[in-house]
Every structure is written in structure tokens, then in C-alpha cells.
Amino acid sequence: MNRIREVGTSFMGKAAAEVSQRFHNPISRVWLGLFVVSVLLQVFFNLPAALTPALSLLPHGTLVAITFLGFCCSTLGVKRGLAAAAVSIAVLAPLVQPLLAIPAVLVFAGAVTYLAASRGFKRPVLTFLACVPVAFLLFVLLAVLVVPVVHTLMIAAFSALPIVVTLVAASTATFLVIRKRRAANAEGAAPAPARKWYQVYNISAVRYCVLAALWLTVPFTIITNRSETIQSLQLRHSMSPESLSGLPTTIQDRMLPRTTAETYMQNLNDDYMTSVEPPHLQQRSTGGLWWQSAVHNNNRWGRIFGSSTRVVAVDADRTDSHSEDTPNSGFVFSDQSWVTKSVFPARHPFSEVAETCYYLNPDKSWSILLSYTSKRMSWTLPAPGTMIPYFAGVMEVTQNGVVHDWSVSQASERFKGAVLYPVSLFRKQAEAYGQWRNGWTGSKILQRNVLEISEDDSEDATINRQPYVQNFKAHGLQLIVSFEPKGDKQSALVEVLMC
């Protein structure tokens with residue numbers, strides 16, 4: 001036993017020494033820098049897919065995988081670097097593209113088998129067969145246990161990004177000032193001559209003023225990013241609505257409300273092993289408006305991957321009880337699948353799903369469209385550095401489980417007739433617009449032109465709240481919110497906001 005420990009310690013020591021020696025190679029450091037940059041570009045800007053639609057067809061994280069492969073090969077050597085990179089990429093690949101699960105498992109098992117054989121293990125077949133279930137187990141554990149927890153923590157950390165940045169900047173500046181002061185005292189330098197307060201070239205005074213300003217920004221960012229009032233004000237400043245001279249012409253005024261359409265779908269579903277989710281509206285290529293909803297499979301086989309059997313639709317122009325099953329509309333991974341719920345945070349760690357739409361493509365195939373929101377800093381006065389929500393993009397899941405990412409402009413051009421803009425985000429923006437219509441002075445000092453969404457306060461009104469979807473002749477499907485003057489006795493329609 002002691003001999004085995006000595007051999008293991010010697011092997012680990014030699015491997016660590018060899019890796020450390022190779023890491024000092026400038027080429028390895030260059031590849032490491034490129035890898036870090038590619039991760040930042042992928043996470044924050046979704047590059048290179050955001051540059052052009054053609055690059056959206058590439059596997060997610062291609063640039064990250066290439067730079068990581070270069071770093072491993074420059075650090076560990078070509079053969080071992082390829083094997084080590086293959087092991088790491090194979091574990092993470094199914095999290096960003098589910099269809100890569102089987103080839104990723106095979107690559108993982110082959111890479112581990114090669115690494116074991118290069119170290120003298122002479123049972124490659126046994127190693128390969130043992131690595132296959134291990135790879136599947138690692139993927140499932142990552143998807144079910146690790147990814148949701150990490151995603152929650154990253155969302156919370158990203159929301160507090162200004163606070164963290166200012167706190168780190170102030171602490172770093174304080175450390176540098178203290179270290180410089182101690183170094184000057186240790187050298188026994190002569191004290192600097194006294195200077196007047198107006199002598200701004202006194203660098204020490206400037207340094208301490210900057211340090212004080214940095215520490216003052218810490219409570220400022222805490223207040224601005226924790227106050228809903230300030231966040232609402234900054235959200236209003238981020239909006240620049242266009243003025244219309246009058247209401248545009250409406251077409252296809254649907255007769256069937258959403259709650260009634262959902263009731264029809266549930267009443268006509270006679271399979272107790274399925275469930276119907278709340279419907280959403282789509283304008284199909286034929287021009288008609290339809291309420292659509294996915295039917296989820298609740299039997300033991302359907303629960304394994306969270307699949308859906310079909311999509312049911314209700315004609316929004318008809319008021320009688322009816323629903324139609326659309327052919328060939330099942331999904332391997334539905335929006336409720338654990339696979340989809342793990343793929344999304346792996347591809348968009350700082351975003352949250354806000355809207356789900358089952359979309360009928362012109363070629364009669366179906367797609368799941370997940371509109372997601374994220375947060376970004378607002379740089380406008382009076383509270384720069386406040387994190388505000390925005391519509392970040394759309395993730396598409398095909399019927400076979402292939403995942404694509406689209407920017408807002410790409411999705412609006414590709415999926416015509418779908419209501420992609422998140423309803424919850426537009427509701428929040430509408431409330432901010434009504435409260436801060438004329439800015440802070442108009443709302444708090446002059447107290448004029450303050451609006452509120454025109455709707456009842458009763459519990460029944462909360463079942464189907466604004467915004468509503470309306471089809472306009474010149475603008476297509478739009479989310480619409482109506483406003484009235486704020487108060488208990490005012491109910492005049494004064495303004496309408498569309499998106």
C-alpha cells in the first residue's frame with residue numbers, strides 16, 4: 001500500500017511539474033487569454049452567433065471549444081491535450097446541444113480510455129464500457145442538480161454586478177493606498193511639506209479624494225439597485241416611444257378570449273395521461289389568429305424527457321366550443337422538460353425565460369420559442385449604474401431537440417406572426433411609463449401627467465390583465481396597454497402604449 005502511494009505521489013508530482021513547465025510557455029498563455037476572451041464574448045454577447053444568421057447554425061460555444069482545445073494542446077502536448085479537451089467538452093456539450101449526448105458519451109469514453117492506456121492501463125475495452133454509464137451519469141447530475149443551482153446564483157450575482165464592481169474597486173484602491181503609505185514609512189522618507197488646500201497638484205490629496213469618492217459610490221449603487229422606485233425611473237428613461245397622431249386601424253378583432261379558449265381545450269382533452277398548458281396567440285401564414293397550446297405527456301415514458309404529444313389549436317374568430325389537433329406537432333423535449341430547463345441556463349447563464357410560444361413554421365414543422373430577458377446597466381441620470389431588465393433574445397428548440405439562438409431582430413424576421421415580446425416585461429415598462437411619464441419632476445414635484453393602467457382592481461380583473469394582443473393593419477400583432485389618469489374617480493382613456 002505504501003508503494004502504491006509513493007508511485008501515485010511521484011506520478012502526480014511529475015505531471016504537475018510538466019504542466020507547470022509547459023504553462024510558462026508564452027504560447028500557452030496566449031491560448032489561455034484567447035480562451036478567457038472567448039468565454040466572455042460568448043456569455044455576454046453570444047458571439048459569434050450574434051454577428052450574422054449564418055453563424056447561428058454553428059454549435060453553441062464553438063469559439064470557446066477551439067480556444068480551450070488550443071490551450072490544452074499547448075499545455076499538455078498534442079495527444080494528451082486533445083484527450084483532456086475531449087473529456088471536458090464531451091461532458092459539457094450535451095448541456096448546450098442535447099443531440100450531442102450520444103456522440104459526446106462516446107468521445108468521453110474514448111478519451112478516457114486513451115489517457116488510461118497512455119498511463120499503462122491495459123484493459124481498454126473494460127475502460128471504454130465503464131466510461132459510458134459514467135458519462136451519462138455526469139451529464140444527468142450536471143443538468144438536474146448543478147446547473148439550476150449555479151444559474152440561480154449567477155442571476156443573483158449579475159443583478160448585483162454594480163455593487164460588486166464598486167466594492168471591489170474601492171477595496172483595491174484602499175489596499176494600494178495603504179501599501180504605498182506603509183512602503184513610504186518603511187523607507188523613512190522625509191515628510192512632505194505642508195500645502196494649501198487649493199494646491200490641486202498635491203497628488204496625495206487627489207488620491208484620497210478619489211478613494212473617498214469610490215467608497216461613496218458603494219452605498220449609492222446599493223440604494224439604486226435595491227430601490228424599486230429608482231429602477232422604475234431608470235426603466236422609463238431607457239424607453240423612447242414613438243408618437244402616433246391617432247390609433248391605427250385594427251383588423252381581425254378576435255372574438256374568443258384566452259380564458260375561454262383554455263377552457264375549450266381542457267374540456268375536449270379526454271386523455272387523463274395528458275395535460276394542456278395555458279394557450280398563446282399566433283397569426284399563422286394563412287392570416288388567421290389561433291390560440292395554441294401544447295399537450296404534455298404525463299405517463300412514465302413522457303416524464304423521462306418531458307416530451308409533448310401534440311399541439312391543440314382553437315380558432316380565435318369562432319366562439320363555439322371547438323379545438324383542433326395539429327398533425328406531426330409532438331416534441332422530444334417540451335418547454336417543461338428537464339433537458340430544456342438545463343440547456344437554457346447553460347447557454348444563457350444571466351437570463352431568465354419570460355415567454356414560451358409553440359410556433360407553426362411555414363413548412364408545417366413546429367418550434368418552441370423561448371423569449372428571455374436579462375439585465376443591463378443604465379447610464380442615464382439620475383441613477384447611473386442601475387440594473388434594468390430588457391428583452392435579450394429568443395432560443396428556438398425544434399421538434400427533434402436541436403437548439404438555436406436568435407437575436408431579437410433575427411427572431412422578429414424569422415418567426416413572423418409570433419408574439420415574442422415578453423408580456424411581463426412590457427407590463428413593467430408600461431407601469432414605469434405611466435408613473436414617470438414626464439420624468440421625476442413631473443411625477444414628484446409638479447405631480448402632473450401621472451397615468452396608470454386602465455383596469456379594475458377586483459380579483460376577477462386579475463385573471464386576464466393587460467397587456468392585450470391586437471392586430472393592426474400597419475403594424476401587425478402588437479401588445480397594447482391603455483392608460484387613464486391616476487386616481488379613484490378618473491377613468492378617461494388618455495393614452496395607449498403599443499409594443
Side-chain angles (χ1 to χ4, degrees), residues 42-46 49-50 56 60-61 94-98 142-159 235 258 262 275-282 292-296 303 305-308 311 331-359 366-376 387-399 401-412 414-415 418-429 465 467 469 477 479 499:
Q42 181 72 71
V43 171
F44 290 100
F45 303 102
N46 193 27
S56 299
H60 188 86
L95 292 178
V96 297
Q97 193 62 264
L142 284 174
V144 177
L145 299 179
V146 178
V147 172
V149 176
V150 174
H151 184 227
T152 303
L153 296 177
M154 296 188 74
I155 288 291
F158 190 66
S159 299
L235 186 61
R258 176 179 179 176
E262 182 178 2
S275 60
V276 180
E277 65 178 16
H280 51 271
L281 198 66
Q282 179 192 345
Q292 299 175 164
S293 178
V295 179
H296 295 285
R303 290 177 180 176
F305 293 111
S307 59
S308 62
V311 175
F331 283 82
V332 178
F333 311 119
S334 69
D335 63 301
Q336 300 296 328
S337 170
W338 62 271
V339 178
T340 306
K341 291 181 178 180
S342 62
V343 168
F344 175 80
R347 299 173 73 99
H348 308 285
F350 303 118
S351 303
E352 296 179 288
V353 176
E355 203 73 25
T356 302
C357 173
Y358 281 76
Y359 181 79
W366 285 83
S367 298
I368 302 176
L369 306 180
L370 302 176
S371 301
Y372 56 90
T373 60
S374 186
K375 288 188 176 182
R376 60 187 174 192
M387 299 291 284
I388 57 175
Y390 73 102
F391 182 18
V394 176
M395 190 181 84
E396 177 193 9
V397 182
T398 65
Q399 291 181 264
V402 181
V403 181
H404 299 291
D405 287 323
W406 308 100
S407 65
V408 176
S409 59
Q410 292 172 352
S412 61
R414 186 179 181 86
F415 307 108
V419 182
L420 299 176
Y421 203 90
V423 174
S424 58
L425 175 61
F426 184 56
R427 171 84 185 195
K428 187 178 297 184
Q429 290 175 330
R465 303 176 67 192
V469 180
L477 291 182
L479 293 174
C499 176

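In this chain, numbering begins with 1 at the start of the sequence shown.
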Exam field: side chain [X] to backbone [Y], donor-acceptor pair closer than 3.5 Å:
X: E396; Y: W406; answer: no
X: H151; Y: S342; answer: no
X: S374; Y: F350; answer: yes
X: S334; Y: Q336; answer: yes
X: R258; Y: P279; answer: yes

Euclidean distance, [Y] [atom2] relative to [X] [atom1], rounded to 0.5 Å:
X: C499; Y: L420; atom1: SG; atom2: CG; result: 10.5 Å
X: Y359; Y: W366; atom1: OH; atom2: CH2; result: 10.0 Å
X: Y372; Y: Y390; atom1: OH; atom2: OH; result: 8.0 Å
X: H280; Y: Q292; atom1: NE2; atom2: CD; result: 5.0 Å
X: S367; Y: F331; atom1: OG; atom2: CZ; result: 6.0 Å
X: M395; Y: L369; atom1: CE; atom2: CG; result: 10.0 Å

Could you pull out the closest heavy-atom pair between [X] and [Y], with the gap in Å?
X: I155; Y: P349; result: CD1-O, 3.8 Å
X: V147; Y: A346; result: CG1-N, 4.4 Å
X: S293; Y: V276; result: OG-CG1, 3.1 Å

So for atom CZ, which belongs to R376, do other residues, nucleotides or ligands contribute more than 12 heavy atoms lying within a distance under 6.0 Å? no
Is there a side-chain contact between [X] and [Y] (heavy atoms, below 4.5 Å)?
X: C357; Y: F415; answer: no
X: Q429; Y: Y421; answer: yes
X: V332; Y: S307; answer: no

Please identify each residue that fulfils side chain to side chain contact (heavy atoms under 4.5 Å, CB included) with [X], with sequence neighbours left out.
X: T356; value: D335, V353, Y358, I368, L370
X: P148; value: none
X: V402; value: Q97, L99, T398, H404

Would you check, one step at a time, whether the test side chain to side chain contact (heavy atoms under 4.5 Å, CB included) holds for K428 with L235? CA-CA 9 Å; K428 187 178 297 184; L235 186 61; 3.8 Å; yes
Decide side chain to side chain donor-acceptor pair (under 3.5 Å) for T373 and E352; before the verdict, give the C-alpha distance in whole Å, the side-chain angles of both, and the deciding distance to 0.1 Å. CA-CA 6 Å; T373 60; E352 296 179 288; 5.2 Å; no
Check the pair Q410, V394 against side chain to side chain contact (heavy atoms under 4.5 Å, CB included), reporting the backbone distance first and the verdict last. CA-CA 9 Å; Q410 292 172 352; V394 176; over 6 Å; no
Carefully, step by step, assess V419 and L479 under the rule side chain to side chain contact (heavy atoms under 4.5 Å, CB included). CA-CA 8 Å; V419 182; L479 293 174; 4.0 Å; yes
